[in-house]
Amino acid sequence: MARVLITSAIPYINGIKHLGNLVGSQLPADLYARYMRQRGHEVLFLCATDEHGTPAELAAAKAGKPVAEFCAEMHAVQAKLGEGFRLSFDHFGRSSSPQNHALTQHFAGKLAEAGLIEEVSERQVYSHADGRFLPDRYIEGTCPNCGYDKARGDQCENCTKQLDPTDLIEPRSAISGSTDLEVRETKHLYLRQSQIRDRLRDWIDGQSDWPILTTSIARKWLDDGDGLRDRGITRDLDWGVPVKKGTQDWPGMEGKVFYVWFDAPIEYIASAKEWTDADGRPDADWERWWRTDKGAEDVRYVQFMGKDNVPFHTLSFPATIMGSGEPWKLVDYIKSFNYLNYDGGQFSTSQGRGVFQDQALEILPADYWRWWLLSHAPESSDSEFTWENFQAGVNKDLADVLGNFVSRVTKFCRSKFGEVVPEGGTTGPAEEALVAELTRRLAAYQDHMEAIEIRKAAAELRAIWVAGNEYLQSAAPWTLFKTDPEAAAAVVRLSLNLIRLYAVLSRPFIPDAAQELMRAMNCDDWTWPEDIGAALTTLPAGHAFTVPDVTFRKITDDEREEWKARFSGTRD
RNA sequence: GGGCCUGUAGCUCAAUUGGUUAGAGCAGAGCGCUCAUAACGCUUUGGUUGGGGGUUCGAGUCCCUCCGGGCCUACCA
């Protein structure tokens with residue numbers, strides 16, 4: 001039995017996330033966590049909300065709420081949506097937790113001791129009307145290069161020229177529109193990542209099996225221009241982790257907080273402490289996952305994230321861990337994803353474009369989304385959600401191939417033998433061939449799951465479902481029954497066992513439906529099959545079952561059109 | 001501008017990393033079955049692998065070039 005630590009990128013707090021966010025980290029992480037648990041491994045699956053930063057403060061202001069209250073509410077909303085999608089987190093924490101405050105300050109203290117923190121004085125734009133410093137992109141003005149009047153302080157979207165906020169003509173706050181701006185001197189802490197560059201490079205170079213997407217982004221940052229740059233890890237904000245050196249005050253840093261990207265990954269660790277603290281368990285219980293000096297040497301740590309998160313997970317966070325000089329667990333494998341687009345464009349939280357998690361669950365059960373999203377995960381390039389593809393995929397795969405198989409087997413049995421596994425008859429070459437095929441496909445399925453090749457795993461699972469229909473078609477128990485009822489009974493007995501096997505194998509993808517099927521088979525044996533032939537005799541003759549309701553109803557053309565129209569514009 | 005990724009059948013994707021005649025699913029066509037959610041099975045149509053050039057006995061795969069799509073470019077997260 002192995003021990004697997006799994007984290008998915010922690011979703012930002014500023015609003016309800018769309019399906020692109022879901023498929024880019026949490027959903028695949030959940031698939032992997034569920035699979036590894038089913039295979040008997042010890043799994044710790046952690047996630048949290050990422051609650052700090054300017055956008056969180058602005059979202060709270062827009063909602064007319066104090067930021068702490070806003071974040072608490074949004075955390076509850078996201079936690080509930082996670083449950084709705086059956087994300088099997090062992091703990092869903094908050095980056096604003098006291099545990100994360102303490103740990104973030106601890107790391108900063110250790111980095112300072114190691115000489116990896118530098119104090120830098122810099123000039124930033126302050127808005128009197130907004131009462132805050134403005135990040136570059138929150139300043140708008142006219143581009144000095146092309147004259148575009150909505151250029152941002154970091155870059156002009158029209159001519160793509162990189163800008164400094166002070167380059168803008170007639171700069172104004174993007175928040176309030178105020179032109180009452182002032183350049184102020186302010187002091188910040190920088191993490192001297194450049195000092196750790198060679199260690200990071202050696203570490204990255206040693207990861208030959210990581211997705212190209214992951215390593216190429218890391219190398220780009222290591223080698224771009226003058227190489228890996230030091231990074232500011234503090235901000236002038238109210239809401240965040242106060243800057244401290246361990247438990248000590250940090251002279252000159254009063255009133256400042258750590259940068260959200262410094263404290264967010266540390267929450268992966270703090271979430272584990274939140275998890276044990278919640279039950280009053282000792283620190284040793286979470287440290288055995290995170291401290292290689294306290295039992296984590298044999299842990300395999302796997303992270304899931306969208307490509308936009310890769311630099312922070314391959315460089316900044318490892319630099320924090322390496323630089324601390326303490327034996328924290330480094331990530332072993334980083335699975336990164338491209339983007340899921342929506343019907344010809346991007347999903348957008350700010351523009352309200354696409355399908356959001358709450359809306360998705362309102363119109364269909366979680367399994368529909370899980371199956372389609374996972375079987376179309378943007379692994380090799382950006383992928384696209386269209387209602388036509390979604391309808392076709394769900395109807396064909398879930399309703400026709402899997403659902404209808406269950407339906408035809410159980411209903412045939414009920415009409416000929418009653419709601420009980422029939423006895424009599426023996427298996428022959430057809431059954432042996434089926435077992436051989438399933439054994440081969442199961443091995444492939446397992447290989448793909450181990451390698452986190454999600455679309456391939458989904459395709460293999462589907463092929464396993466198809467094999468049942470092929471078998472049933474060629475065995476034709478409805479014909480056999482007329483001349484040799486016992487032979488038909490043997491076919492049906494095996495087919496009912498196939499349903500149970502499908503519940504076991506499909507559970508990581510579609511946990512609710514798997515549960516329904518298992519319940520209908522009046523069984524609770526989720527043992528992962530070591531031997532297909534043996535697994536297909538689990539339900540013995542005489543075992544009672546029930547014919548389940550339609551497991552997956554089809555999406556009608558009318559529904560498809562209705563949803564397409566409903567989600568074409570922006571959400572309220 | 002620079003860097004990275006990507007382009008394979010109408011659609012969504014494969015192709016053991018340079019090795020037979022480029023494969024699946026969906027959609028389309030034909031046949032079969034009648035247990036089943038008008039479901040299932042079998043057969044089948046469909047590709048100058050974005051264009052052009054090169055290396056090689058051999059290129060979807062490597063190199064050059066052009067075209068298209070996307071991402072990143074460090075103070076959004």
Side-chain angles (χ1 to χ4, degrees), chain A residues 9-14 50 52-56 58 122 124-125 133-139 152-155 159-162 164-165 188 193 211-213 215-217 219-221 223-225 228-232 235-236 259-261 264 306-312 315-316 338-339 341 346 349-350 375-376 378-384 386 388-389 392-393 395-416 455-456 458-459 462-463 466 468-481 488 491-492 495 549-554:
Chain A
I10 65 179
Y12 198 60
I13 196 72
N14 65 338
D50 179 13
H52 300 136
T54 306
L58 296 180
E122 52 192 20
Q124 294 202 348
V125 175
F133 281 93
L134 298 176
D136 292 357
R137 69 172 47 205
Y138 282 96
I139 302 160
R152 291 190 322 205
D154 57 341
Q155 185 173 33
C159 68
T160 73
K161 186 177 175 61
Q162 308 245 3
D164 190 87
H188 282 295
Q193 303 183 123
I212 293 171
L213 186 63
T215 50
S216 63
I217 290 172
R219 290 208 175 85
K220 155 73 172 166
W221 281 55
D223 297 323
D224 189 44
L228 186 62
R229 284 177 240 168
D230 295 340
R231 190 167 187 113
R235 292 289 183 275
D236 289 295
Y259 175 42
V260 55
W261 262 115
K307 56 186 168 186
D308 51 333
N309 278 324
V310 168
F312 304 98
L315 304 168
S316 308
N338 288 283
Y339 293 142
N341 290 319
Q346 292 190 344
T349 304
S350 53
S375 61
H376 294 79
E379 289 176 298
S380 56
S381 64
D382 292 353
S383 65
E384 176 156 314
T386 66
E388 285 79 6
N389 281 342
N395 284 357
K396 196 69 196 173
D397 298 347
L398 296 182
D400 295 347
V401 175
L402 177 59
N404 184 55
F405 174 77
V406 173
S407 191
R408 63 196 298 210
V409 169
T410 53
K411 286 179 180 171
F412 178 76
C413 183
R414 180 173 62 186
S415 74
K416 304 299 183 195
R455 283 182 316 211
K456 289 180 183 175
R462 185 189 192 281
V466 168
N469 282 308
E470 289 173 351
Y471 165 73
L472 203 59
Q473 193 67 32
S474 63
W478 46 89
T479 303
L480 217 45
F481 184 79
V491 172
V492 170
S495 298
D549 295 331
V550 168
T551 315
F552 297 103
R553 71 169 186 83
K554 292 200 189 194

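Within every chain, numbering begins at 1; the chains are lettered A, B, ... in the order of the sequence lines, protein sequences first and strands thereafter.
Applying the 4.0 Å criterion to OP1 and OP2 of B:A39, one finds that A:K554 has a side-chain N or O inside that range. For the pair A:S380 and B:A14, the criterion of a side-chain N or O lying under 4.0 Å from OP1 or OP2 is met. Taking 4.0 angstrom as the limit, A:R137 places a side-chain polar atom (N or O) nearer than this to OP1 or OP2 of B:C76. Within the 4.0 Å cut-off from OP1 or OP2 of B:C40, at least one side-chain nitrogen or oxygen of A:K396 is found. Listed pair A:Y471 / B:G41 fails the phosphate criterion, with no side-chain N or O lying under 4.0 Å from OP1 or OP2.
Comparing B:G3 with B:U43, their P atoms are spaced 50 Å from each other, to the whole Å. Comparing the same atom, C1', in B:G46 and in B:C26 gives a spacing of 14 Å after rounding to whole Å. As rounded to the nearest Å, B:A9 and B:U17 have C1' atoms that lie 24 Å from one another. Separation of the C1' atoms belonging to B:G7 and B:U61 is 14 Å when rounded to the nearest angstrom.
In this entry the distance linking OH of A:Y138 with P of B:A77 reads 7 Å, nearest Å. The distance from atom CZ of A:R462 to atom C1' of B:G41 is 13 Å, rounded to the nearest whole Å. Going from atom CZ of A:F481 over to atom C1' of B:C33 covers 18 Å, rounded to whole Å. Protein atom CD of A:E470 is 13 Å distant from nucleotide atom C1' of B:A24, rounded to whole Å. The CG atom of A:L213 sits 9 Å away from the P atom of B:U6 (whole-angstrom rounding). In this structure, the CG atom of A:N341 is 14 Å from the C1' atom of B:C5, given to the nearest Å. Atoms CG (A:D136) and C1' (B:C76) sit 11 Å apart, rounded to a whole Å. One can place CZ of A:R152 at 8 Å from C1' of B:C76, the figure rounded to the nearest angstrom.
Among the atoms of the strands shown, none is found under 4.0 Å from any heavy atom of A:G232. Residue A:D308 is classed as a base contact, given a heavy-atom separation below 4.0 Å to a base. A:E379 comes within 4.0 angstrom of nothing in the nucleic acid, heavy atoms only. At a threshold of 4.0 angstrom between heavy atoms, the contacts of A:S474 with the nucleic acid are absent. If you check every strand for non-hydrogen atoms under 4.0 Å, A:F312 touches a base. A:V406 comes within 4.0 angstrom of no nucleic acid atom, judged by non-hydrogen atoms across all strands. Nucleic acid contact class of A:T54 (heavy atoms, under 4.0 Å, all strands): sugar-phosphate only.
Closest approach to the A:Q473 side chain among B:C76, B:G32, B:A77 is made by B:G32 (side chain taken as heavy atoms from C-beta onward). Comparing B:C13, B:A74, B:C35 by their nearest atom to the side chain of A:R229 picks out B:A74. Among the nucleotides B:G41, B:U37, B:U6, the one closest to any side-chain atom of A:S407 is B:U37. Between B:A14, B:U6, B:G2, one nucleotide has an atom nearer to the side chain of A:K456 than all others, and that is B:A14. The listed nucleotides are B:C33, B:A77, B:G2; the one nearest the side chain of A:K220 is B:G2. Minimum atom distance to the side chain of A:A392 is reached by B:C26, of the listed B:A74, B:C26, B:A36. In this structure, of B:G41, B:A77, B:G70, it is B:A77 that holds the atom nearest to the side chain of A:V260. Here the nucleotide nearest the side chain of A:Y339, chosen from B:C76, B:C71, B:A77, is B:C71. Nearest to the side chain of A:S216, among B:G32, B:C4, B:U34, sits B:C4.
Atom CG of A:D230 is separated from atom CD of A:Q193 by 7.0 Å, given to the nearest 0.5 angstrom. In this structure, A:L134 CG and A:D236 CG are separated by 11.0 Å, a value rounded to the nearest 0.5 Å. Taken from CG in A:L228 to OG in A:S316, the straight-line distance is 7.5 Å, to the nearest 0.5 Å. A:K220 NZ to A:L315 CG: the interatomic distance, rounded to the nearest 0.5 Å, is 12.5 Å. Between atom CZ of residue A:R553 and atom CG of residue A:L398 there is a gap of 12.5 Å, rounded to the nearest 0.5 Å.
Across all strands shown, nothing is found opposite B:U56 as a Watson-Crick or G-U wobble partner with both distances under 3.5 Å. Of the nucleotides present, none pairs with B:G46 by Watson-Crick or G-U wobble criteria with both distances under 3.5 Å. Using Watson-Crick or G-U wobble geometry with both donor-acceptor distances under 3.5 Å, B:G1 finds its partner in B:U73.
Using a 4.5 Å cut-off on side-chain heavy atoms (C-beta onward), A:R408 and A:L472 make contact. Using a 4.5 Å heavy-atom cutoff, the side chains of A:V310 and A:W221 are not in contact.
Where A:V550 and A:S375 each meet RNA chain B at their nearest nucleotide, the meeting point lying more 5' is that of A:S375. The residue among A:S381 and A:R553 whose nearest nucleotide of RNA chain B is located toward the 5' end is A:S381.
The base of B:A74 has none of its N or O atoms less than 3.5 Å from a complementary donor or acceptor on the side chain of A:W221. A donor-acceptor contact under 3.5 angstrom links the side-chain atoms of A:N404 to the base of B:A36.
Look at A:W478 and the base of B:C35; the rings stack, centres closer than 5.5 Å and planes less than 30° apart.
Between A:W261 and A:F312, the two ring planes are parallel [angle under 30°; tilted spans 30° to 60°].
Taking syn as a glycosidic angle within 90° of 0, B:U17 qualifies as syn.
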